[in-house]
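Position 1 is the first residue of the sequence, and the numbers go up from there. Just so it is clear, the values below take in all heavy atoms, side chains as well, and ignore hydrogens, waters and symmetry mates.
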Amino acid sequence: IGIRVPSLQSAARAQAWSAAGRALISGYVDSYTLLNFGVYASFMSGNTTSAGLHAGDAKLAAAGHSLLPIPFFVLGIFIGTLLVEANANHQSRRHSFLVAVLLTGGMMAIYFAWPDWLSIMILSAAMGIMNTSIIHVGGQAVNLAFVTGDLNNFSQRLAMGIRRAPVTQAQGAWDNHWWRAAFLAGIWTAFFIGAVFGAVVASRIEMWALLPPVLMLLLFGLLERAAI
């Protein structure tokens, strides 16, 4: 046990950094999509609320536009889950390369002036796949492409830490409520920073704005391949 616990801690830390990097990309792409197309690529609650608002105002075209990302985000989760089930040991690497390909398709859509609805479909599917690339870090569930659940879990971890409640699926003494709360806060922070960068870059180089997350994902995939 004395040998295994530090190994689990190191693995959890490495996975936490990987999750934070992907959360940053998710925030970046969500911000880019909102700025350019008026919908979210990963925040389906926001799209649902917007669609309901427009439908209530009898603006059916706008409601349909807000609803468009939802089935493709769901499709992305479906595809990503199949990849996980096919090879659980290599899912992050495969997800990284596939999302990079889709984001490259998003850049092509801008370059060739393809319809906005096609870009929305591509980017929403990409974020659905991204959200399945890492679903747990240690014993803590995590969402990469939408952070409402992470904030909910963060608050619960704080409450349980104050009450000194036992930690489910703890992997060592280090794996306590405070560590998990700090990790979830880091995911939210990474998503926020990504959203800031996405807005800054997209407002200046719209055509190639998706290049930074593509390069990051390729780097992640290569590093994960080297680690196998």
Q: Looking at residues at least two apart in the chain, or sitting in another chain, which of them share a ring pair (Phe, Tyr, Trp, His ring centres under 6.0 Å) with F73?
A: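 Checked F73 against ring pair (Phe, Tyr, Trp, His ring centres under 6.0 Å); zero matches.
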Q: If I compare all heavy atoms of T33 with all of A41, which pair ends up nearest, and what's the gap?
A: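 Reported closest heavy-atom pair: OG1-CB, 3.5 Å.
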Q: Are W117 and I110 in one and the same hydrophobic cluster, where Ile, Leu, Val, Met, Phe, Trp and Tyr link if side-chain heavy atoms are under 4.5 Å apart?
A: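 Per the 4.5 Å side-chain linkage, W117 and I110 are co-clustered.
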Q: Show the nearest heavy-atom pair for residues L210 and L103, with the distance to one decimal.
A: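 Between these two residues, the closest heavy atoms are CD1-O, 3.6 Å.
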Q: Any sub-3.5 Å donor-acceptor pair from N131's side-chain atoms to N143's backbone N or O?
A: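 No, N131 side chain to N143 backbone: no donor-acceptor pair under 3.5 Å.
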Q: Sequence neighbours excluded, which residues qualify as side chain to side chain contact (heavy atoms under 4.5 Å, CB included) partners of S31?
A: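 Result, side chain to side chain contact (heavy atoms under 4.5 Å, CB included) vs S31: A195, A199.
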Q: Under the rule for ring pair (Phe, Tyr, Trp, His ring centres under 6.0 Å), what residues qualify as partners of F191, not counting sequence neighbours?
A: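 Checked F191 against ring pair (Phe, Tyr, Trp, His ring centres under 6.0 Å); zero matches.
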Q: Name the orientation class of the two ring planes belonging to W208 and Y111 (parallel below 30°, tilted from 30 to 60°, perpendicular beyond 60°).
A: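 Tilted.
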Q: Is there a donor-acceptor pair closer than 3.5 Å between any side-chain N or O of N152 and the backbone N or O of T148?
A: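 Pair absent, no side-chain N/O of N152 close to backbone of T148.
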Q: Not counting sequence neighbours, which residues clear side chain to side chain contact (heavy atoms under 4.5 Å, CB included) with A202? List them please.
A: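 Only Y32, L35, N36, A209 meet the side chain to side chain contact (heavy atoms under 4.5 Å, CB included) criterion with A202.
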Q: Connecting only ILVMFWY residues whose side-chain heavy atoms lie within less than 4.5 Å of each other, what is the rest of Y40's hydrophobic cluster?
A: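 ILVMFWY cluster around Y40 also holds L34, F43.
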Q: Find out whether L67 and N47 are in side-chain contact, i.e. whether some heavy atom of one side chain is under 4.5 Å from a heavy atom of the other.
A: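 No, too far: nothing below the 4.5 Å cut-off.
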Q: With sequence neighbours left out, which residue pairs that include part of residues 180-203 fulfil the side-chain hydrogen bond (donor to acceptor under 3.5 Å, both in side chains) condition?
A: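 Those involving residues 180-203 are D175-R180.
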Q: side-chain contact (heavy atoms from CB on, under 4.5 Å) for T48 and I70? Distances and angles first, verdict last.
A: CA-CA 8 Å; T48 301; I70 297 175; 3.4 Å; yes
Q: Listed by chain and number, what are the ring pair (Phe, Tyr, Trp, His ring centres under 6.0 Å) partners of W114, not counting sequence neighbours?
A: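 W114 satisfies ring pair (Phe, Tyr, Trp, His ring centres under 6.0 Å) with F112 only.
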Q: Check I187 against V142 and note the closest heavy-atom contact, atom names and distance.
A: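 Scanning both residues completely, I find the closest heavy atoms to be CG1-CG2, 4.0 Å.
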Q: Is there side-chain contact between M130 and L217, with at least one heavy-atom pair below 4.5 Å?
A: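 They are in side-chain contact.
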Q: Work out which heavy atom in I129 is nearest to a heavy atom in T132; give both atom names and the distance.
A: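 Shortest heavy-atom separation between I129 and T132 comes out as O-OG1, 2.8 Å.
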Q: Can you pull the salt bridge (Lys or Arg N to Asp or Glu O under 4.0 Å) pairs that have at least one residue in residues 21-45, sequence neighbours excluded?
A: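 Non-adjacent pairs meeting salt bridge (Lys or Arg N to Asp or Glu O under 4.0 Å): R22-E224.
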Q: Given side-chain contact (heavy atoms from CB on, under 4.5 Å), test L218 with S96 step by step and report yes or no.
A: CA-CA 7 Å; L218 292 176; S96 295; over 6 Å; no
Q: Work out which heavy atom in A185 is nearest to a heavy atom in F154; give both atom names and the distance.
A: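 Looks like CB-CE1, 3.9 Å.
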Q: Look at the side-chain heavy atoms of Ile, Leu, Val, Met, Phe, Trp and Tyr, link any pair under 4.5 Å apart, and say whether L211 and F37 land in one connected group.
A: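 Yes, because L211 and F37 connect within a single hydrophobic cluster, where side-chain heavy atoms sit under 4.5 Å apart.
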Q: For M121, does its backbone N or O pair with a side-chain atom of S124 as donor and acceptor, under 3.5 Å?
A: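 Not confirmed, S124 side chain does not pair with M121 backbone.
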Q: Tell me, do L184 and Q140 make a side-chain contact under 4.5 Å, heavy atoms counted?
A: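 In contact.
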Q: Rounded at 0.5 Å granularity, tell me how far CZ in R13 sits from CH2 in W179.
A: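 Going from CZ on R13 over to CH2 on W179, the span is 8.5 Å.
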Q: Applying side-chain hydrogen bond (donor to acceptor under 3.5 Å, both in side chains) as the test, list every pair that has at least one member in residues 51-76; sequence neighbours left out.
A: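 Listed once each, the pairs would be none.
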Q: Does R164 reach the main-chain N or O of M160 with its side chain, forming a donor-acceptor pair under 3.5 Å?
A: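 Judged by distance alone, no pair lies under 3.5 Å.
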Q: Would a single hydrophobic cluster contain both V101 and F78, if residues Ile, Leu, Val, Met, Phe, Trp and Tyr are joined by side-chain heavy-atom contacts under 4.5 Å?
A: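 F78 does not cluster with V101.
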Q: Check for me, please, whether I79 and L118 land in the same ILVMFWY cluster - side-chain distances under 4.5 Å, paths through other members count.
A: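 Yes, I79 connects to L118 through the hydrophobic network.
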Q: Kindly indicate, with the supporting measurements, whether the criterion side-chain contact (heavy atoms from CB on, under 4.5 Å) is fulfilled by V99 and V214.
A: CA-CA 8 Å; V99 174; V214 168; over 6 Å; no
Q: If you take all heavy atoms of L158 and A181, which pair is closest and at what distance?
A: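 What the structure gives for the nearest pair is CD2-CB, 4.0 Å.
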Q: Keeping H177 on the side-chain end and A165 on the backbone end, is there a donor-acceptor pair under 3.5 Å?
A: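 Between the backbone of A165 and the side chain of H177 there is a qualifying donor-acceptor contact (under 3.5 Å).
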Q: Output, in order, the C-alpha distance, side-chain angles, deciding distance and verdict of side-chain contact (heavy atoms from CB on, under 4.5 Å) for L123 and L102.
A: CA-CA 7 Å; L123 298 176; L102 289 173; over 6 Å; no
Q: Looking at CZ of R94 and CG of L83, how far apart are the two atoms once the value is rounded to the nearest 0.5 Å?
A: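 Nearest 0.5 Å value for the CZ-CG distance: 7.0 Å.
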Q: Apart from L60 itself, what residues make up its hydrophobic cluster when side-chain heavy atoms of I, L, V, M, F, W and Y under 4.5 Å apart count as a link, directly or indirectly?
A: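 Members besides L60: none; it forms no cluster.
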Q: Linking I/L/V/M/F/W/Y whenever their side-chain heavy atoms sit closer than 4.5 Å, directly or via other members, would W17 and I25 fall into one cluster?
A: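 W17 and I25: separate clusters.
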Q: Per the salt bridge (Lys or Arg N to Asp or Glu O under 4.0 Å) rule, what does the pair list look like for residues 136-163, sequence neighbours excluded?
A: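 Matches after skipping sequence neighbours: none remain.
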Q: Tell me, please, which residues at least two apart from L219 pass side chain to side chain contact (heavy atoms under 4.5 Å, CB included).
A: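 For L219, the residues satisfying side chain to side chain contact (heavy atoms under 4.5 Å, CB included) (neighbours in sequence not counted) are L223.
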Q: Does some side-chain heavy atom of S50 sit less than 4.5 Å from a side-chain heavy atom of V39?
A: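 With C-beta onward as the side chain, the pair stays apart.
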